[in-house]
Structures are given as structure tokens and as C-alpha cells.
Amino acid sequence: MDFRLLHPTEPVSLIQWLEAHDELVGSTDNDAEKARLSTFFALTSRNPTEPTLYDINLHLNSFTLQSRDVQDEAGVTRDYDSLIGVFPARLPLLADLSIYTIPRPKGRLEKNLSVYVDLPDLDLVQVPLHKIPNWELGTVATKFSVNVMFPSLYHPGSSEKLTEDHYRIFYDRALRPAARRHCNANDSYWPASYQSETIRAQHQRGAFTHTAHVVNRNKVAAFLDAVRDNCAQDVGLIWAVGMLWVVDGKGLKEQYRHTPSPSNATRTLNRLLRIFDVAEINRDRGDQLYIDVAVEITQPDHILLWKTHSHDAIIRTMLKVQDVQYYRTAQRYSQDTVALLQHAAGFRVSCGPQAPQPYLRKLNVYTTDKAHTALIDNGHHAKYIDPIKALTVPTGDGDSEPKAFAAKMRTVYSAAENEQVPGNARLEGRVNFTEAATFLVDFELDDFFLALLSIPCETWWPFKTVRLQAALRVLESHLSASATVRAARNSLALAGVCVWMANAMNARPSDKAAENALREACLPQVQDYDLNWVPTTQGGMFVIHHLAETYNVFQLPLNNNLPEGNTVARALGFPSWGDLIVHITKPRPRNREVLATEAFRRNNRSGVRAPSPETVEDNVDGPSGSSNPAGPVIPFNVDDYQGTFEHGREDTTFTEYAYSLVVRILREVVSRAPNHRTDGAYLVSSINPSTIEPTFFKGSLVQRLPEYFRQFRLVRPDEDNWDAVFNRIFPDKGAAPLVNGWKDLRSRNEWVALTVILTEGQVRSIRAELKKEFDRFSWVPFSQNDKVWKVSSGGRLFRGHTLGPWILPNKKADWESVPTFAED
């Protein structure tokens, strides 16, 4: 049924939403029930006993900044935040240049700067600057780095990587001779060679000290000209010919903040550009110099948010265009939803070299409340929880990753709330330096106020805390459940969504395909005008349409909207569903105290003294199946088998995971069908091993085998061989490991991992059901202990072809009707 019919909405302000949450949580004195109710309400925006959905409308509790009283209270400043300059010929510096003899690895320019250069020597135009191989040459002052770019190493799609040999040759043949010529007084301080410097600067643990050597401001131009000449005259440095100098200044806003007036803007810009000989900057020569200019609006004790529906108006005003479609394409426009709220979002526009306003390279509109968790780390731009660590049961007495992350974020958010830390609204544009003094100086303040919402800090930080803690609480409860519950696809899908939600509280929500699929599976389903079921955002923010509970653990309800297993796995950082399940079903680590206590109980009757915790090693397994106090580690019910393995049956006692595992094992076996050494594959080209089902092994041999194989060799049916093949594909608990191709079958390894942590009785029950299905097959690949699928021409021909993959028929199949073909 349409979600809107099941759950009528009630518009509420952010404050009213928090009050409803607090009232619900305060209705019980039980701490566990408080946590359960808080989690349910925060994720669904509903009371679990009522159908009404609380629909957050930010406009109800946030006054606009149009009134004169609020305008007087708000503060507006202007600043120059960063600078990027590209100089193909001379570097017009008027400051000392400190040069690193060993480049710093983190100094490379790899982030998209929205700056493009023409490479006439390569007949290339508008090449993204960050795509060109480069390293950091040195620094100017305290906030500016100088990089050297090597266009000769650039190739569209796959640029050549800079190696240690590039560094060594560049220093020994270009930098060192230039230093000898222009830094005579300090020549003795420059390393004699790159290799000798790496020996001197390397610490015992392998890290390097990056020593800088200063080139006086009066000699910088001559020094760099000498470097360029040395490269041009040395055949071994041909790859360095045509180098570009790039100056990159970051984090300048505090130093260059001023009130938005023409005089202040000009005066501050001149102070910023004093490191350059501006008269020497020649655009005809290819020089480019861009500056990020920003306006920041602040209101004490409040968080200022940009309205989502104001984006088009801002683009029209800033870019002086009427049609915004050029800028709203996926390649140029990206939205940054704030705390997953529907009505509040920043955005970023990359204008590109062909934009109607060529002086503006990019426009960035955002709120600064995320500055308290901002950190560039492993591809993330803020503090984040790693999905793999979030699904890992902690060792010993340590806190789990969700619990530890929740404590850290609670500390950060509580401190911000206690100090009433505001969140400012910023609008930032990257413009040519010739336009920097006039950009964002003469503007209508009301235009910006119309695009803003204002939320009190005492409301904003608790709201983010409630939502974040709810997502992390789900992950924490997930770790406490048995593997039977944890390995269910609806449990793991919810875990993936909660990881995504937790990280979206601190940074721009990830929009990767796998995470989008999980997000859409959680959204309420409504019917559009064509009566198609589509996901939609309800509640004024991202909410989960429904939560189910199994053994006090929240799950998504089982329905057809759940993504496939591999999609869930990729969203959680695993390459496949099989890898995810193996991780989930690993034996739980047990701390030394528990193991010592168990040892004491086992040995107490015999009078043997129990060992101390220090003498007991971690992860020691006790009797089979006893290492997991939460129950049998298997993601489906072992005790109720009563059906067959029929695909698609809702009443089968095999879960979709069990079916998926067996099908994947069979697919991997078929994918190992042998090939003829010179004549290609024996398997018919139209057969795709990745899509076969168990019915592939059923039916008439006379009809099916010629459809599947160009050649095949039928061996005489034998019951012992039939059982042996089954035991190789689905080995028993404790079976000796097989070699060669067997060890590379990932899904079979997944099955072996399950048998290790199951009891013998459980494995026996499962294999008995699997054997019933296996015995319904008409044929199976003939395998050996060292071969997944045997192929040879030796021995007496039985039926089929002389050469081909060996086929073992079921003795009940029509094997006697298969003919013997002529010699190939």
C-alpha cells in the first residue's frame, strides 16, 4: 500500500521533533527501552505505536534573516581563502623560495582545482591541471607551496608515474648545478647528490626528514631559469622539458579577512599578492592566477543553512545568467545535503573553461558547522566510521568501533552545544586575480538572507546527536547478536545504511552506486501518476520506511526492495557477498579472563589449578561450536529442514543465503571447465557460468550435453565416484584441504569456513539436505583431489568424444543413450 496512506504526516519544526523524541524516550524508566524507542524514532520519525509520521519543515522553526533586527545581529565578512597560479615560463616571485631536496609525498597536487591548461607541444587543450604528473618543489612564506608539473609525462587517461629515478636525475642534473651557480654562499649546505641525501635524511624506521634549502628572492628567477636550461640541454631530462611552475596557497581566510568594501578588498588583495611581481604576470604567455573570494555570514548562537530550493537563484545571481541548465548537469553540479535534511543543502558548481562567465571557475556554497569534524583521511573529508571495522566484533574488553565512534562524536557535539558554536554560511567563488578586488563586493545582502535558514545551536547539535547515535546504536546491537541474525541480508542492508547515515552527519553524503541502492531500499514507496512504485523522501529528511526487530536487533523488513547480496557487500567495503559472510561468521574473539574461567571450571574437579589470564592466548577455540556464546554461527536455521532446494519457493527452510551459496559454488566449478590447448573452450560460448542454476545439471544427457559442450567424455557411472565428487565440492567438517584449483574457489572456501564453526551435527544435517538435491542431478563434472574438472585423452573411451572434459553421469540418468562419437 502507498506509504502516504499508511502513515499520514504531521508538519513539525525541528524543536517540536526533538520534543516529541524526548517525550517518547521519557515515557519509560528502562534504559534499554529508552535506547530502543530513541533509535526507532530517530530513524523512522515515528512513534512505534502510532502511524503518524513527523514531517520536519525547517521553515516552521527558523526565522528568515530578512527582518531588520536580525540583519543588525548578523555579521558579514569577506575574505581571500586560497590562491592557485600556473606559470609556463617564468615564476614571477618576490619572496624567498625554500626547496626540498627530497619531495614530500603529500605535497603532490591531486585534487581537482577547476583549473585547465593548454599543452601546445602535445596538441592538447584544456587539460585538467591536477592530472599532470607533479611533485612539490618547495614553499614560499608559510601558506604557499610551489609545485613543478611535467606535461611531457601526461597522457590522456594514463599518465606516467613519477619514480625515485625521476627525483634523483632532476636533483643531480638540474637542481644541484643551478644551486652551485646561483647559491654560492650556501653551496656547501646543498647535498652533493640525491642518493647521499636519502641516506642522511632517512630515520631508522624508514621515514625521511624533508630538509629545505633557501633561494634568495633576488635569485629565484635566475635559479629557476638555470633549472629549465639544464633540463633542455640534458638528453636524460627530456621528460622535464616544458615544465610548469604552480603556486598553491591554502587556508588563507583568517589572514586575509576584511569587511566587504571596495577599499578594503583592494588593500587586502594587494597584501596577498605582494609575493608576486604582478607586472610580470603575462596572460598572453599562458600565465594564470586565480583567487578564491568568499563572503561569510554569521549569527551568534545559530547555525545558518542554505535553502535547497535557493540554488537556482544563487546561480543566476552570481553567474549573471537566466538559464541555469548548463550548470545543473551532473558533471558540473553537486549537492551537499546537510544532515540528510530535505530543505537544507549547500552545493558546488564547476563552471569549466567554456562557461558563459569565463572569469569564474567554480562556485561553492556551504555551511561551516562541519568544520568541527573535518579531516582529510583515506579518501574521506571528515571523521568517519569504517564499515569493515563497524562489523568487526572487538577483541577482549575493548569497545567496538560503533561504540567508540559514538563516544567521540558525542564529545564533539556536546562541546559545540555547550559553547553555542555557530555555523556560518559561506559563498565562495574562484575568479581570475584581475576580478578578485570587485567580486562579491557590491551585492544585495537581502538576496543572501532570502536563501538562508537559521537554527538555534541548542536545537541543532542535539538533533544531530540523536540521529547519529541512533545509527551507531543499530551497529552496536548488530555486533551483539548471533551470526544467524547478523548474516541475514536485511540485517546487513540496515547496517550499511546506518554506516552511510553516520558518515553523512559529518560530511557530504556518499553517492556511490551501492550506497544509493541501499538508500532507495529504505525509502518509503509511493505510486506516481503512472501507478509505478517509486521511492520518495518523507518526513522532511531521510527516514527508513519501516524497521523490524529480531531478538532485540533492528532489521529491514524482508521484501523485494532489498538489493542483491553483492550490492550490500560493496556498500560495506567487501568485494563480494561471500567475503562479507565469511567476515560475519568468523568465531568471536574471547578475552583472557573468560578463557581462564572456563579452564578453571574444566579442571577444578581434578584439582588442577586454573591458569592465570596472562597464560591463556586469545582466540583459542574450545569444543566445537562452543566458541560463540551467542549461538550457532550459521546464517540460516539448521533444525527445520523439510523442503527441497527449489529456487524461488517462499516456504523452503533453506534461506536465500543457503541457496545463493550452493549456486555460487556450482557456478565457480562450471567456470573451471577446461579448454582445448589449441582449439579454445570446450564449453559452448553461449553458456555463461555466472548465470547458471542447479537445473543446468538436470534433464536428459542425450539432449543437454551436446547443447553445453562442443566435446565431452562420458565416464562410466559409479556410486563411489559420485559420492567422492560431492565430498570434494561440499566437504565435511575437518576434511583434508584440497590443492591446486580447489583452493581458489571462493564460495567453496566460504562453505569450508562455515563448517569450521558449526558442530558436527549441524554440518551433517546440512550436507544431508544438500546430498538429496545433488542426487537429483543427471550429471556432474568429474573431479579429482588435484583437479576441479578432469580432462585427458588417456584410457579406454566409454561414450562421447575421445578428448574433452570428463562427465560423471548419475546412474539413474539416460547415460546408455549417449552415443560414442568418431575420433576428433
Test log, rule side chain to side chain contact (heavy atoms under 4.5 Å, CB included), inputs Y413 and Q469: CA-CA 11 Å; Y413 288 177; Q469 297 295 323; over 6 Å; no

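- Checking side-chain atoms of D118 against main-chain N and O of Q126 turns up a donor-acceptor pair under 3.5 Å.
- Atom CZ of residue R316 and atom OG of residue S310 lie 11.0 Å apart, to the nearest 0.5 angstrom.
- Remark: K403 NZ is loosely packed, at most 12 non-hydrogen atoms of other residues, nucleotides or ligands lying under 6.0 Å away.
- Between the side chain of T266 and the backbone N or O of S263 there is no donor-acceptor pair closer than 3.5 Å.
- Partners of H381 by ring pair (Phe, Tyr, Trp, His ring centres under 6.0 Å), not counting sequence neighbours: none found.
- Relative orientation of the W17 and F41 rings is tilted, given thresholds of 30° and 60° on the angle between their planes.
- The CG atom of L83 lies 13.5 Å from the NZ atom of K143; values are rounded to the nearest 0.5 Å.
- Residues passing the side-chain hydrogen bond (donor to acceptor under 3.5 Å, both in side chains) test with T259, sequence neighbours excluded: N264.
- Counting heavy atoms from C-beta outward, L492 and H478 have side chains that approach closer than 4.5 Å.
- Residue pairs meeting the salt bridge (charged side-chain N to carboxylate O under 4.0 Å, His left out) criterion with at least one member in residues 378-389, sequence neighbours excluded, do not occur.
- A salt bridge is defined here as a Lys NZ or Arg NE, NH1 or NH2 lying under 4.0 Å from an Asp or Glu carboxylate O, and R426 with D292 fails to meet this definition.
- Between atom CG of residue L452 and atom CD of residue Q299 there is a gap of 9.5 Å, rounded to the nearest 0.5 Å.
- Side-chain contact between R508 and S334 is present, with heavy atoms from C-beta onward closer than 4.5 Å.
- Not counting sequence neighbours, Y256 has no partner by the ring pair (Phe, Tyr, Trp, His ring centres under 6.0 Å) test.
- K362 has its side chain within reach of R430: a pair of non-hydrogen atoms, C-beta onward, lies under 4.5 Å apart.
- Ring geometry for F463 against W460 counts as tilted: the plane angle lies between 30° and 60°, on a 0 to 90° scale.
- From L518, atom CG reaches atom CZ of R570 across 10.0 Å, with rounding to the nearest 0.5 Å.
- Remark: side-chain polar atoms of K34 are paired, donor with acceptor, to backbone N or O of V25 under 3.5 angstrom.
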Stepwise side chain to side chain contact (heavy atoms under 4.5 Å, CB included) check, V117 with I132: CA-CA 10 Å; V117 295; I132 301 175; 3.7 Å; yes

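- By the 4.5 Å heavy-atom criterion applied to side chains, W306 and V338 are not counted as neighbours.
- In terms of modelled atom types and a separation under 3.5 Å, the side chain of S350 and the main chain of R332 share no donor-acceptor contact.
- Heavy-atom contacts from other residues, nucleotides or ligands closer than 6.0 Å to CD of E23 number 12 or fewer.
- A donor-acceptor pair under 3.5 Å links the side-chain atoms of N134 to the main chain of L109, judged by distance alone.
- Ring pair W500/F542 is perpendicular by interplanar angle, where above 60° counts as perpendicular and below 30° as parallel.
- Closest non-hydrogen pair, S114 versus R348, comes out as OG-NH2, 4.1 Å.
- Side-chain contact between E10 and Q16: absent, with no pair of heavy atoms (C-beta onward) separated by less than 4.5 Å.
- Evaluation of the salt bridge (charged side-chain N to carboxylate O under 4.0 Å, His left out) test over residues 463-478, restricted to residues two or more places apart or in two chains, returns D369-K464.
- Under the 3.5 Å distance criterion, the side-chain polar atoms of S45 are left unmatched by any main-chain donor or acceptor of D55.
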Verdict with reasoning, N47 to T52, per side chain to side chain contact (heavy atoms under 4.5 Å, CB included): CA-CA 7 Å; N47 185 321; T52 302; over 6 Å; no

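- Formation of a donor-acceptor pair under 3.5 Å by the E401 side chain with backbone atoms of I388 is not found in this model.
- In terms of heavy atoms, M505 sits closest to A339 at CE-O, 3.5 Å.
- Remark: S510 engages E515 in a side-chain hydrogen bond (donor to acceptor under 3.5 Å, both in side chains) (not counting sequence neighbours).
- How far CH2 of W461 is from OG of S414: 10.5 Å, rounded to the nearest 0.5 Å.
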Evaluation steps, salt bridge (charged side-chain N to carboxylate O under 4.0 Å, His left out), between E296 and K253: CA-CA 10 Å; E296 185 166 320; K253 65 170 72 73; over 6 Å; no

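- Side chains of D511 and N516 form a contact here, defined as non-hydrogen atoms less than 4.5 Å apart.
- The shortest non-hydrogen separation linking V115 to Q288 is CG1-OE1, 4.0 Å.
- For G429 against L363, the heavy-atom pair with the smallest separation is CA-CD1, 4.3 Å.
- The shortest distance between side-chain heavy atoms of I544 and L494 falls below 4.5 Å.
- The shortest distance between side-chain heavy atoms of V349 and H311 does not fall below 4.5 Å.
- Shortest non-hydrogen contact noted between T337 and P509 is O-CD, 3.6 Å.
- The closest donor-acceptor contact from the side chain of T44 to the backbone of H546 lies at 3.5 Å or more, if one exists at all.
- Between D336 and K370 there is a salt bridge, with a side-chain nitrogen of the basic residue lying less than 4.0 Å from a carboxylate oxygen of the acidic one.
- In this structure a side-chain-to-backbone donor-acceptor pair under 3.5 Å is missing from T367 to G423.
- A distance of 5.0 Å separates CD in Q420 from SG in C457, rounded to the nearest 0.5 Å.
- Between the side chain of Y80 and the backbone N or O of A265, at least one donor-acceptor pair lies under 3.5 Å.
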Side chain to side chain contact (heavy atoms under 4.5 Å, CB included) between V474 and L547, worked out: CA-CA 11 Å; V474 169; L547 288 175; 6.0 Å; no

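- Of all the heavy atoms in P48 and L24, the pair that sits closest is CD-CD2, 4.0 Å.
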